[in-house]
Amino acid sequence: MNLLIMGAAGSGKGTMSKLISKKYHITHISTGDMFRTAIKKKTPLGKLAEKYINQGKLVPDDVAIMIMEERLNEKDTENGFLIDGFPRTLAQAHSLESLMQRVNKPLDLIINLVVGIEALGPRITGRRVCQNCGEVYHIVNSPSKVPGICDVCGGKLVHREDDTLERLETRLKEHHILTEPVLDYYHKLGIVVDIDATPSIEEVWHSIDTVLEKMV
Ligand code: AMP
């Protein structure tokens, strides 16, 4: 299965991606995670991406497209993948389409997580991420067993610099202007399933799993 997951900041893409890739044994590819790793390692890519990400803005298309091209050529994508956070612009969508044709890996489905804007603020401000392994928590909805410490690896949990209400506003604007046209494009192709991502993690996962079960 070759999947995309889309949705605004705080819609639960990361959380659902982890559950999907675990159950269906497909590789989770998150451009956001790739950029954050590069920032942590202080690579040239990281230094460039950091300037945009910390302002809540999108990293330039050519950079995002380049890392996706490299990633999709890796061997672990052969048995299926789930792309999270890409494409975020029409230019990225068109590049992905030609890339997939080239590597002969067509897209099967796009999962679109739909959440009302009022739910996003509390989700974003309460989100905590493991500095070491990237596991995602929420201080109210899915807290770690020991506050501030990752259940999986014992790493320190941090609040992402772009997870503030101010940055959320910019991120939502970028989403509205640049990413919604991508969704319209995919809707017209008839390959999108809209999932109500307002309820609990368990309920959203159940809705997604029900759709995917029918595909395998
Ligand atoms: P995410 O973890 O998906 O919320 O992404 C965090 C940030 O990384 C975004 O707000 C963007 O600044 C950047 N980013 C991630 N994916 C892309 C992409 N496909 N194109 C441009 N910027 C991206």
Side-chain angles (χ1 to χ4, degrees), residues 3-18 20-21 27-41 43-72 81-100 107 110-115 117 119-131 133-138 157-183 185-186 197:
L3 309 173
L4 290 188
I5 188 160
M6 298 187 69
S11 59
K13 297 189 296 294
T15 304
M16 290 304 139
S17 294
K18 288 209 165 74
I20 296 167
S21 65
T27 300
H28 175 206
I29 301 176
S30 155
T31 41
D33 284 350
M34 286 176 350
F35 288 134
R36 280 185 288 276
T37 303
I39 292 171
K40 209 167 107 187
K41 289 186 177 159
T43 64
L45 168 71
K47 283 182 191 150
L48 187 142
E50 191 169 24
K51 284 189 276 184
Y52 295 91
I53 294 182
N54 287 349
Q55 290 178 54
K57 292 197 171 148
L58 290 187
V59 174
D61 278 340
D62 54 344
V63 179
I65 290 166
M66 182 198 69
I67 64 161
M68 185 51 65
E69 283 215 38
E70 283 181 11
R71 188 64 186 87
L72 277 180
F81 51 80
L82 167 66
I83 301 180
D84 155 14
F86 186 101
R88 273 174 146 110
T89 66
L90 277 175
Q92 293 182 16
H94 296 319
S95 296
L96 184 65
E97 206 168 282
S98 46
L99 175 64
M100 291 193 148
L107 264 185
I110 293 155
I111 299 164
N112 179 34
L113 300 180
V114 184
V115 191
I117 200 164
L120 299 177
R123 285 190 183 193
I124 285 286
T125 51
R127 175 156 66 186
R128 297 293 180 272
V129 183
C130 176
Q131 213 176 23
C133 72
E135 190 70 13
V136 181
Y137 299 86
H138 188 281
L157 302 186
V158 293
H159 189 205
R160 271 167 53 177
E161 207 163 316
D162 58 340
D163 274 350
T164 62
L165 289 180
E166 197 193 347
R167 297 291 176 272
L168 176 63
E169 207 179 305
T170 312
R171 290 160 78 190
L172 292 179
K173 262 190 210 145
E174 297 264 283
H175 188 266
H176 177 61
I177 296 167
L178 298 165
T179 311
E180 279 175 15
V182 177
L183 265 172
Y185 170 72
Y186 286 139

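Every number for a ligand or one of its atoms is a count from 1 in the order of the listing. Position 1 is the first residue of the sequence; numbering continues from there.
Taking the side chain as every heavy atom from C-beta outward, M68 and I83 approach each other to under 4.5 Å. Side-chain contact between K51 and V59 is absent, with no heavy atoms from C-beta onward closer than 4.5 Å. Residues E180 and H175 meet the side-chain proximity criterion, which asks for heavy atoms closer than 4.5 Å. Annotation: side chain of T125 is not in contact with side chain of T164 (no heavy-atom distance under 4.5 Å).
Among all non-hydrogen protein atoms, the one lying nearest atom 22 (N) of ligand 1 is V59 N, 3.0 Å. For atom 13 (C) of ligand 1, the nearest protein heavy atom (residue, atom name, distance) is I53 CG1, 3.8 Å. For atom 20 (N) of ligand 1, the nearest non-hydrogen atom of the protein is Q92 NE2, 2.9 Å. Counting only heavy atoms of the protein, atom 11 (C) of ligand 1 lies nearest to K57 O, 3.7 Å. Here the protein heavy atom with the shortest distance to atom 23 (C) of ligand 1 is F35 CE1, 3.7 Å. In terms of protein heavy atoms, atom 1 (P) of ligand 1 is closest to R88 NH2, 3.6 Å. What sits closest to atom 10 (O) of ligand 1 on the protein, heavy atoms only, is R171 NE, 3.9 Å.
Between T31 and ligand 1, an N or O atom pair is found at a separation short of 3.5 Å. Below 3.5 Å of separation, one finds no N or O of P87 facing any N or O of ligand 1.
Counting only non-hydrogen atoms, the option in R160, Q55, K13 that gets closest to atom 6 (C) of ligand 1 is R160.
The backbone N or O of N54 sits less than 3.5 Å from a side-chain atom of R167, completing a donor-acceptor pair.
For the residue pair E174 / Y52, no side-chain donor-acceptor distance below 3.5 Å is found, with atom types taken as modelled.
If you look at E174 next to ligand 1, there are no close heavy atoms at all, none under 4.0 Å.
Ion pair D163/R171 flagged as a salt bridge, since at least one NZ, NE, NH1 or NH2 atom sits closer than 4.0 Å to an Asp/Glu carboxylate oxygen.
Ligand 1 lies less than 4.0 angstrom from a heavy atom belonging to R36.
Between D84 and the options K18, H28, K13, a side-chain hydrogen bond (donor to acceptor under 3.5 Å, both in side chains) holds for only H28.
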